[in-house]
*Asks:* 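Take a look at the following structure, please.
Convention: sequence-line order gives letters A, B, ...; per-chain numbering from 1.
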There are 2 protein chains.
Amino acid sequence: MVKRVSLGDAACPVARSLDGIGDWWSLLIVRDAFDGVSRFGEFQKSLGISKGILASRLHGLVALGVLAMTPAADGSAWQDYVLTPKGEALFPVIVALRQWGEAFCYRPGEPHSALVERSGGKPLAPLVVRSAGGKALRARDTVVRKLSC
Amino acid sequence: MVKRVSLGDAACPVARSLDGIGDWWSLLIVRDAFDGVSRFGEFQKSLGISKGILASRLHGLVALGVLAMTPAADGSAWQDYVLTPKGEALFPVIVALRQWGEAFCYRPGEPHSALVERSGGKPLAPLVVRSAGGKALRARDTVVRKLSC
DNA sequence: CCAGTCCAGTTCTATTTTAGAACCAGACGG
DNA sequence: CCGTCTGGTTCTAAAATAGAACTGGACTGG
């Protein structure tokens with residue numbers, strides 16, 4: 001491989017995001033964190049991931065500022081991994097992936113988990129990309145402008 | 001590795017999405033496709049990816065139904081890779097990653113590309129997760145319900 | 001306070017995936 | 001036809017991964 005290509009200095013925000021969280025496990029760890037998982041052993045059981053990879057991913061996400069290690073929570077002397085504001089901001093990413101998976105990755109009638117409103121249990125509205133004025137936009141209504149600030 | 005863990009049969013839509021498009025390159029290929037890239041050589045030049053990986057990723061995305069191969073477009077005898085409706089539906093995922101990257105992966109004032117409205121050039125509104133009734137929701141206002149249909 | 005067990009890793013090795021270069025075949029252009 | 005461009009496939013070395021073994025500190029029961 002010589003060296004896995006680094007996108008960390010790319011001008012495209014999509015590339016830079018994926019450089020940090022675009023690997024096989026990071027977004028699943030973040031999804032579990034949204035679900036309330038916070039302990040090393042819980043992540044490992046939930047994901048079926050090997051401990052070595054989990055440790056390196058957790059430390060990577062902490063270094064990136066997506067997760068933070070906080071002492072205790074239930075009083076024990078161990079660590080909790082909790083979402084930072086930067087990690088919380090990934091919520092739309094997770095929801096977008098979830099809605100796409102629900103719509104396209106299951107056969108009709110095949111059971112799957114669903115994200116619902118906590119009070120009431122009703123499903124969420126589909127994510128919609130909107131203009132600054134609030135108008136719904138399709139992909140072809142948008143264009144990438146290079147190198148703005 | 002024995003065998004890379006397969007998430008293709010997971011009950012969680014996030015896991016299933018990532019099983020298909022969660023690798024290092026697939027989402028960047030899709031991003032370029034949204035940007036109008038359609039030829040093998042264009043993808044290769046834009047991404048700096050090796051041809052072997054690009055070929056396997058393109059074929060994987062075609063097998064998944066995200067891209068389709070269509071003959072010609074400019075009349076030549078080669079193939080175009082274009083987004084299918086399933087691929088077009090990834091637009092909110094790309095936008096979510098882009099907005100997160102813009103917000104958290106650049107130093108203040110550091111230049112980056114931006115996705116803007118085609119007519120007018122104004123930036124997009126931030127993606128917001130909403131309830132079925134249209135109310136904006138934070139992560140903690142939602143909960144995962146297991147195994148619904 | 002001591003042995004046994006659980007939690008949270010680190011280290012090790014075999015296997016898989018990846019990157020990149022070299023190679024190849026079919027269009028295309030003169 | 002003959003060189004060149006496009007779109008790949010094949011090859012090898014390097015990197016990432018899974019899984020098991022190992023470690024060491026924290027709780028638990030007696």
*Asks:* Distance check needed: D:dG7 C1' versus B:Leu67 CG, whole Å only.
*Replies:*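 Nearest whole value for this atom pair: 16 Å.
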*Asks:* Could you check how far CD1 of A:Ile49 sits from C1' of D:dA20, rounded to whole Å?
*Replies:*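 In whole Å, D:dA20 C1' lies 16 Å from A:Ile49 CD1.
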*Asks:* Report the distance from atom CD1 of B:Ile53 to atom C1' of D:dT10, rounded to the nearest whole Å.
*Replies:* 13 Å
*Asks:* Using a 4.0 Å cut-off on protein heavy atoms (strictly under), produce a 5'-to-3' string for nucleotides 4-12 of chain C with B for base contact, S for backbone-only sugar-phosphate contact, and - for none.
*Replies:* ---SBBB--
*Asks:* Distances under 3.5 Å between protein N/O atoms and the N/O atoms of nucleotides 2-4 of chain D, please, pair by pair.
*Replies:*
none

*Asks:* I want to check something: taking the side chain as every heavy atom from C-beta on, are A:Leu27 and B:Val14 in contact at a cut-off of under 4.5 Å?
*Replies:*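 A:Leu27 vs B:Val14: side chains apart.
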*Asks:* Is it true that a side-chain atom of A:Thr142 and a backbone atom of B:Val116 form a donor plus acceptor pair closer than 3.5 Å?
*Replies:* no
*Asks:* If you round to the nearest 0.5 Å, how far is CG of B:Asp80 from CE of B:Met69?
*Replies:* 9.5 Å
*Asks:* Taking B:Tyr81 as the starting point, is it possible to reach B:Leu64 by hopping between hydrophobic residues whose side chains are less than 4.5 Å apart?
*Replies:* yes
*Asks:* Should B:Ser46 and B:Glu42 be marked as a side chain to side chain contact (heavy atoms under 4.5 Å, CB included) after you check the CA-CA gap, both sets of side-chain angles, and the distance that decides it?
*Replies:* CA-CA 6 Å; B:Ser46 163; B:Glu42 287 180 310; 6.0 Å; no
*Asks:* Are A:Val128 and A:Phe91 grouped together when hydrophobic residues (ILVMFWY) are joined by side-chain heavy atoms under 4.5 angstrom apart?
*Replies:* no
*Asks:* Does some side-chain heavy atom of B:Leu90 sit less than 4.5 Å from a side-chain heavy atom of B:Leu83?
*Replies:*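 Contact flag for B:Leu83/B:Leu90 side chains = no.
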*Asks:* How about B:Asp141 and B:Arg138: do any of their side-chain heavy atoms sit closer than 4.5 Å?
*Replies:* yes
*Asks:* Nearest whole angstrom, please: distance from the P of D:dG7 to the CZ of B:Phe43.
*Replies:*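 Whole-Å distance recorded here is 11 Å.
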*Asks:* Looking at A:Arg57 and A:Asp23, is there a salt bridge between them, counting it only when a charged N and a carboxylate O are closer than 4.0 Å?
*Replies:*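 Salt bridge flag = yes for A:Arg57 with A:Asp23.
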*Asks:* Which atom names give the shortest non-hydrogen contact between A:Ser131 and B:Glu117, and what distance separates them?
*Replies:*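 Distance-wise, the nearest heavy atoms are CB-OE1, 3.4 Å.
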*Asks:* Using whole Å, what does the distance between atom C1' of nucleotide C:dT18 and atom CH2 of B:Trp25 come to?
*Replies:* 11 Å
*Asks:* Whole angstrom is fine here: how far is it from CD in B:Gln44 over to P in D:dC5?
*Replies:*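 About 15 Å, once rounded to whole Å.
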*Asks:* Taking five pairs at each end of the helix from C:dC1-D:dG30 to C:dG30-D:dC1, what angle separates the two helix axes (nearest 10°)?
*Replies:* 30°
*Asks:* Within this structure, what is the CG-to-P distance between B:Asp23 and C:dT17, rounded to whole angstrom?
*Replies:*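 After rounding, the gap between these two atoms is 12 Å.
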*Asks:* Please state how far atom NZ in A:Lys45 lies from atom P in D:dA18, giving the value in whole angstrom units.
*Replies:*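 Interatomic distance, NZ of A:Lys45 to P of D:dA18: 19 Å.
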